2 protein chains.
Amino acid sequence: MDNFTFYSPTKFVFGKGMESEAGKLVKEFGGSKVLIHYGGGSVVRSGLLDRVKASLDEASIAYVELGGVKPNPRSGLVYEGIDLCRKEEVDFILAVGGGSAIDSAKAIAAGTIYDGDFWDYYQGKPILKALPVGTVLTIAAAGSEGSGDSVITKEEGMFKRGASGEGIRPKFSILNPELTTTLPPYQTACGITDIMAHLYERYLTNSTDVEVTDRLIEALLLTMKKEGPRAIKDPADYEARANIMWAGTMAHTNSCGVGRSQDWSSHCIEHELSALYDCAHGAGLAVTMPQVFKYVMNHNVMRFAQAAVRVWGCEMNFENPEQTALEGIDAFASFLKSIGMPSTIAEFGGKEEDVPVLTKSLCYGDGGNGTLSGFVTLTEEDCANIYKMML
Amino acid sequence: MDNFTFYSPTKFVFGKGMESEAGKLVKEFGGSKVLIHYGGGSVVRSGLLDRVKASLDEASIAYVELGGVKPNPRSGLVYEGIDLCRKEEVDFILAVGGGSAIDSAKAIAAGTIYDGDFWDYYQGKPILKALPVGTVLTIAAAGSEGSGDSVITKEEGMFKRGASGEGIRPKFSILNPELTTTLPPYQTACGITDIMAHLYERYLTNSTDVEVTDRLIEALLLTMKKEGPRAIKDPADYEARANIMWAGTMAHTNSCGVGRSQDWSSHCIEHELSALYDCAHGAGLAVTMPQVFKYVMNHNVMRFAQAAVRVWGCEMNFENPEQTALEGIDAFASFLKSIGMPSTIAEFGGKEEDVPVLTKSLCYGDGGNGTLSGFVTLTEEDCANIYKMML
């Protein structure tokens, strides 16, 4: 196990009706004027935004609003948010929505008090300082409610890049599973896939002797395997939603990923899909992961066999562990299909001629050096091969 | 799943040599004059205390010392520590040791800035304010390095009682598994048992639909089942120690125990054993748990069958789930024996005439109302029966 620091000082307030605590929590963490940042109309239509505002009013917290966050959130709205926060002297950002609203809120929080262009952070500068951020989560997926990470797409060039730092870790996150019961099955499935991707990215490690984190990751994958289909079958099932929501948060605070190398190749490879096709991140991951796993499987067959046996309930084939490893990947792919996820980029309208475009952007776009490092170092040729497998 | 708040803002700094960060961390969390609080000679003899002091010196942090914490830490030393901190105007408490040193440090931290008798907190008053506490952990066991809990024994009456509150949750905890490689097998086994007890106390729930936390608890139990015997066999095995240490911390931050009712009967029943016989808490738990589990098993046979199958690798007996449940409890009892733990109070010198003494203190001592609530509500007669089973 490698040395590590684990610091997750986010206050998670979980359960039915908890959005009514928003005002009290903003006050607890020192906010007096809030930017409420959200996406489309659903938080308005559902009455959630009104409930959040009522809670802020009750705590005598002033606020301004900025809606319009899109999936794969864009830099344009971030710049707009930064201007608004400076003009209005906002001192707290409250995201109401899923990973996109939260990631956009984090970018605004960092950019508002930064002298330079906020995009510097998305080119590798760690975010040490930002306005405090709180969240009211409406989609179990990205894990951004408990992480110090944010992903933004820059319109010029459509580069989708991530930034990290303790400065943007939320002070509090309100997790009310009720808010996710109105999500349609497709978006629910995208969230399930994203959560499982966060787990697999950590599972694919070159570190040895990491039983405790292996077991924690497997625990959360097993939870998703049981609870995911339950939420797809009955979107209003509170208990399934609650299990998924806590699993999604635990999957990405990194308590199950410490002390070990991680992969994140599938996320990088997918980011090009959602940038080019504007597909949902989870849907892109569903297409990406099984092909990446098959491509890199022989780097450590036993790791994939372990997942096959412990998570997917495969019988270990002691004469032929490759067979077991492959069975586990196939079981995962079948699971993703069963919850309604795509398995090819053709389903996004992708064609063979896109392969070099995707590969070039992945390997050389916005500062890339031609290879992708992780569980296995992938060359440009490897990346092209993987994209071809997704056709 | 029940509503809950989860807030674990402790910075965990994990790995080889990390005690050298102590000074920097005290400074980061605002300390300028420290009480170093520890137990016996081993932290002195091993050179750990000198390394911690060197780290404080390097960060220009002043300090005073108070050693002498005993297992089942006593109120007498707490009062002494409070006087010392007030006299020396200490503003940060640094515990160097295991759960006893940490629990004693927490009591001193709370008591120093409290007008009344610190024991008030151990009679149910929540600890909202205390001096900041940091820890350098030397024994993986109590989980106190990541919890807002403390257990102290009051000399008058030998009452062993717990206090809780966000005020005493450590600001940072340094977890260096190397420091635990010198622990003798018996103490190691006591720690393993305590960690597994923290998991079982959470596992025995009356809440339904708690798959995510069930799976996380099972993950940590599986880790202990694999890594525990490895550390007993080769105490110097760093990797086994590292897995146990992180599992021990994760077992008690409560991330795996949120949203569900918990038991804690075994801890209460055990506290009387360590108070009367001054046995190690872990050893007392090893005697207690299997008998408690057998006594309450029929309250929810399937819960015990689930642990038997998922943790202990038992075959599910679909015709007779009781058989599987019992097999799992027996497997756990055998595991505890295999790592050198006792299974009867006779091994502590206990006798049949102690049963009414233990029962009376448990059920009526220091404010008890005659019953013990948890997974199953236990009457005085139940408690006496359980103690008899331990003879």
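Remember, predicted model here, so these are calculated numbers, not experimental data. Throughout, protein chains are lettered first and strands after them, A, B, ... in sequence-line order, and every chain is numbered starting at 1.
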So what's closer than 4.5 Å to chain B heavy atoms on [X]: side chain, backbone, both or neither?
{"X": "Glu211(A)", "result": "both"}
{"X": "Phe172(A)", "result": "neither"}
{"X": "Lys226(A)", "result": "side chain"}
{"X": "Ser255(A)", "result": "both"}

Compare every heavy atom of [Y] with every heavy atom of [X], then report the nearest pair and how far apart it is.
{"X": "Asp209(B)", "Y": "Glu239(A)", "result": "OD2-CG, 3.2 Å"}
{"X": "Asn3(B)", "Y": "Met18(A)", "result": "ND2-CE, 3.2 Å"}
{"X": "Leu220(A)", "Y": "Val212(B)", "result": "CD2-CG2, 3.8 Å"}

With a cut-off of 6.0 Å (strictly less than), are more than 12 heavy atoms of other residues, nucleotides or ligands near CD of Glu58(B)?
->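 Atom CD in Glu58(B) is not packed in, count stays at 12 or less.
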Is the number of heavy atoms from other residues, nucleotides or ligands within 6.0 Å of NZ (Lys171(A)) greater than 12?
->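 No, NZ of Lys171(A) has 12 or fewer neighbouring heavy atoms, counting only those of other groups under 6.0 Å.
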Take the angle between the ring planes of Phe14(A) and Phe4(B) and call it parallel below 30°, perpendicular above 60°, tilted in between.
->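 The arrangement is parallel - the two ring planes meet at less than 30°.
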Do the rings of Phe29(A) and Tyr7(B) sit parallel, tilted or perpendicular, given the 30° and 60° boundaries?
->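 Aromatic pair Phe29(A)/Tyr7(B) classed perpendicular.
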Can you find a pair of side-chain heavy atoms, one from Trp246(A) and one from Val258(B), that are under 4.5 Å apart?
->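 Yes, close enough: below the 4.5 Å cut-off.
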Please look at [X] and chain A and tell me whether the side chain, the backbone, both or neither of the residue comes under 4.5 angstrom of a heavy atom of that chain.
{"X": "Arg230(B)", "answer": "side chain"}
{"X": "Met224(B)", "answer": "neither"}
{"X": "Met1(B)", "answer": "both"}

Sort out for me which of Met250(A), Lys16(A), Glu218(A) touches chain B most, counting heavy-atom pairs under 4.5 Å.
->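 Ranked by contacts with chain B, first place is Lys16(A).
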Heavy-atom pair count under 4.5 Å with chain A, highest-scoring of Val13(B), Thr208(B), Leu216(B) =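 Max contact count across the listed options: Leu216(B).
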What distance do Arg215(A) atom CZ and Glu227(B) atom CD have between them, rounded to the nearest 0.5 Å?
->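 Going from the CZ atom of Arg215(A) to the CD atom of Glu227(B) covers 9.5 Å.
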Starting at CG of Asn243(A), measure out to CG of Asp214(B) and round the result to the nearest 0.5 Å.
->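 Atom-to-atom, Asn243(A):CG and Asp214(B):CG are 9.0 Å apart.
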